[in-house]
Amino acid sequence: MIVTNLFQSILRGKSGMNIGLPSGLPKVDSIIYGVQRRWMYVWAGDSGSGKSSIVLYSQIYRPIIESLKNPDINVHFLLFSFEMSAEVLFAKLLSLYIYEKYGKILSYGQILSLGDVLSDNDYKYVEASKPWLEKVESICEVIDKPVTAKGLYAICKEWSKKFGTYIEEEVSEGYVKETYLPNDDKQYLITVIDHMRLFSLSSGHNIKQEMDEACDYLIHFRNKCGFTVHAIQQLNRNFKSMERRNSENALLGLEDLSDSGGPTQSAETVIAIYHPFREKRNKCEGYDIKVLKDRARLIQILKNRFGLADRSVGCTFYGEVGLWRELPLPHEIQDYTKYINLS
């Protein structure tokens, strides 16, 4: 039976079904195999490092773009957006789309007129993008109020029924086995938790217990229904100590994730976002942070169960539209200034 299952996986691979969706970050994809089905990712970072933004860009926006241009790619999203409302989340997606489609820089704050009122000329880009947004809404369900772990389970169970059927079979007296038959073997059911610390607490639970229970449920849906899970997690404060900052081990490690080790133990892949400018680094992994400043980020692959780990990829983050771009290797960069402005 093991050999049979292995060859089924090999043949699926030969037909292209094991290749993950591109995230827009090709170096990262070469390490973690793109956006995979039946996979749990943990994304970690300090507040303001861009951990939510990189998931929004690489694991939501890019797969949306890929699926809408290729009808053979069947992708659906369940987004637990505890940090931002559904409208703000969609405004951020819209900001990315308008920049890539029209080359126009409109932040989500400008789109929502949070400072100055959006001009009529800029509104034309927003209005022209409405049909795209409506397509996005048709494949995205957003939960923007905190829930308990049990609430997460109930929502995931109902959502999964839209894309498959649960079948109960009595395999022995008093024991019923439940299986899940997907409507489409090629579908991606992508679930994002932003972020794990913001679950509501069940009676008698602390945050670690709530996170661990939620993690157990997410693993259940990964294994039974083939969910792709993205869990976003905060860092603890230890990595900010002066002793740590001045040591050779200033970058992030698995021990720096806060509240619970359950998600990292369960995940196939753990990725951390390091913000060297904020940590007062002049150089980081060979990159000149004095020039790149707040643009610079380091994507660290801390765990990769089926591939390489302890790898890092230098990136720039353009927060005005939520865009991420990979940098060349440090020795290949002659002029850092061209990576500062969005163009």
Side-chain angles (χ1 to χ4, degrees), residues 20-29 34-35 41 43 50-144 187-192 194 228 230 232 273 295 297 299 315-326 339-343:
L21 295 176
S23 70
L25 301 169
K27 292 180 186 177
V28 175
D29 285 348
V35 185
Y41 303 83
W43 299 79
K51 60 186 181 298
S52 297
S53 294
I54 195 170
V55 172
L56 187 69
Y57 172 72
S58 67
Q59 310 301 309
I60 301 174
Y61 177 74
R62 296 309 328 172
I64 286 172
I65 293 296
E66 198 70 22
S67 66
L68 292 182
K69 75 180 183 183
N70 185 346
D72 291 333
I73 298 175
N74 184 6
V75 182
H76 295 273
F77 299 86
L78 177 60
L79 309 176
F80 291 88
S81 182
F82 300 152
E83 280 208 311
M84 68 184 85
S85 69
E87 290 76 16
V88 169
L89 190 154
F90 268 56
K92 290 192 170 192
L93 291 171
L94 179 59
S95 179
L96 278 163
Y97 179 75
I98 288 173
Y99 175 74
E100 290 203 335
K101 177 73 174 179
Y102 303 107
K104 177 68 178 179
I105 299 173
L106 279 180
S107 71
Y108 83 94
Q110 290 174 290
I111 290 170
L112 293 173
S113 300
L114 298 182
D116 296 327
V117 173
L118 184 68
S119 71
D120 290 341
N121 186 60
D122 287 344
Y123 179 69
K124 292 176 183 177
Y125 296 105
V126 173
E127 193 171 35
S129 304
K130 186 178 180 182
W132 179 82
L133 269 185
E134 289 171 339
K135 291 178 183 177
V136 172
E137 186 176 15
S138 72
I139 60 173
C140 288
E141 185 168 330
V142 182
I143 310 299
D144 59 4
Q187 68 190 8
Y188 286 81
L189 302 181
I190 299 177
T191 304
V192 177
D194 187 14
T228 297
H230 295 284
I232 300 175
I273 310 302
R295 291 298 194 196
R297 297 294 190 278
I299 299 176
C315 285
T316 46
F317 172 47
Y318 303 92
E320 54 267 49
V321 295
L323 182 71
W324 291 74
R325 286 176 175 163
E326 293 176 338
Y339 300 105
I340 295 173
N341 295 320
L342 187 57
S343 59

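A quick note: this is a predicted structure, and the numbers were derived from the prediction, not measured.
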Would you confirm whether [X], through its side chain, and [Y], through its main-chain N or O, come within 3.5 Å as a donor-acceptor pair?
| X | Y | value |
| --- | --- | --- |
| Ser95 | Lys92 | no |
| Glu320 | Ile105 | no |
| Ser81 | Ala86 | no |

Heavy-atom distance under 4.5 Å between the side chains of [X] and [Y], does that happen here?
| X | Y | answer |
| --- | --- | --- |
| Leu106 | Leu118 | yes |
| Ile190 | Ile60 | no |
| Cys315 | Ile54 | no |
| Thr228 | Tyr41 | yes |
| Tyr99 | Leu342 | yes |
| Tyr61 | Glu100 | yes |
| Phe77 | Val136 | no |
| Ser52 | Glu83 | yes |

Within a radius of less than 6.0 Å around [atom1] of [X], do more than 12 heavy atoms belonging to other residues, nucleotides or ligands occur?
| X | atom1 | result |
| --- | --- | --- |
| Asp120 | CG | no |
| Phe82 | CZ | yes |
| Tyr102 | OH | yes |

Between [X] and [Y], which heavy-atom pair has the shortest distance, and what is it?
| X | Y | result |
| --- | --- | --- |
| Leu68 | Trp132 | CD1-NE1, 3.6 Å |
| Pro63 | Ser58 | CD-O, 3.4 Å |
| Leu79 | Cys140 | CD1-SG, 4.4 Å |
| Pro22 | Arg62 | O-CB, 3.7 Å |
| Ser67 | Val75 | CB-CG2, 3.8 Å |
| Val35 | His230 | CG1-NE2, 4.3 Å |

Give the intermediate values and the outcome of side chain to side chain contact (heavy atoms under 4.5 Å, CB included) for residues Ile299 and Glu326. CA-CA 9 Å; Ile299 299 176; Glu326 293 176 338; 5.8 Å; no
Leu78 and side chain to side chain contact (heavy atoms under 4.5 Å, CB included): which single residue from Val142, Ile143, Val192, Leu189 fits?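 The side chain to side chain contact (heavy atoms under 4.5 Å, CB included) with Leu78 is passed solely by Ile143 among Val142, Ile143, Val192, Leu189.
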If we check side chain to side chain contact (heavy atoms under 4.5 Å, CB included) with Trp324, which of these qualifies: Val28, Leu56, Ile273, Thr316?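 Among Val28, Leu56, Ile273, Thr316, the one meeting side chain to side chain contact (heavy atoms under 4.5 Å, CB included) with Trp324 is Ile273.
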What verdict does the side chain to side chain contact (heavy atoms under 4.5 Å, CB included) test give for Leu114 and Tyr108, after you've listed the backbone C-alpha separation in whole Å, the side-chain angles of each residue and the deciding distance to 0.1 Å? CA-CA 9 Å; Leu114 298 182; Tyr108 83 94; 4.2 Å; yes
Between Asp144 and Ser85, do the side chains contain an N or O donor and an N or O acceptor separated by less than 3.5 Å?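 Absent: no donor and acceptor within the cut-off.
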Between Tyr188 and Glu66: side-chain donor-acceptor atoms closer than 3.5 Å: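 Glu66 and Tyr188 do not have a side-chain donor-acceptor pair below 3.5 Å.
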Find the distance between [atom1] ([X]) and [atom2] ([Y]) and round it off to the nearest 0.5 Å.
| X | Y | atom1 | atom2 | value |
| --- | --- | --- | --- | --- |
| Ile111 | Leu94 | CD1 | CG | 4.0 Å |
| Trp43 | Asp194 | CH2 | CG | 12.5 Å |
| Ile139 | Ile64 | CD1 | CD1 | 5.0 Å |
| Tyr318 | Ile340 | OH | CD1 | 8.5 Å |

Is the terminal nitrogen or CZ of Arg325 (NZ for Lys, CZ for Arg) located under 6.0 angstrom from the six-membered ring centre of Tyr339 and within 45° of that ring's axis? no
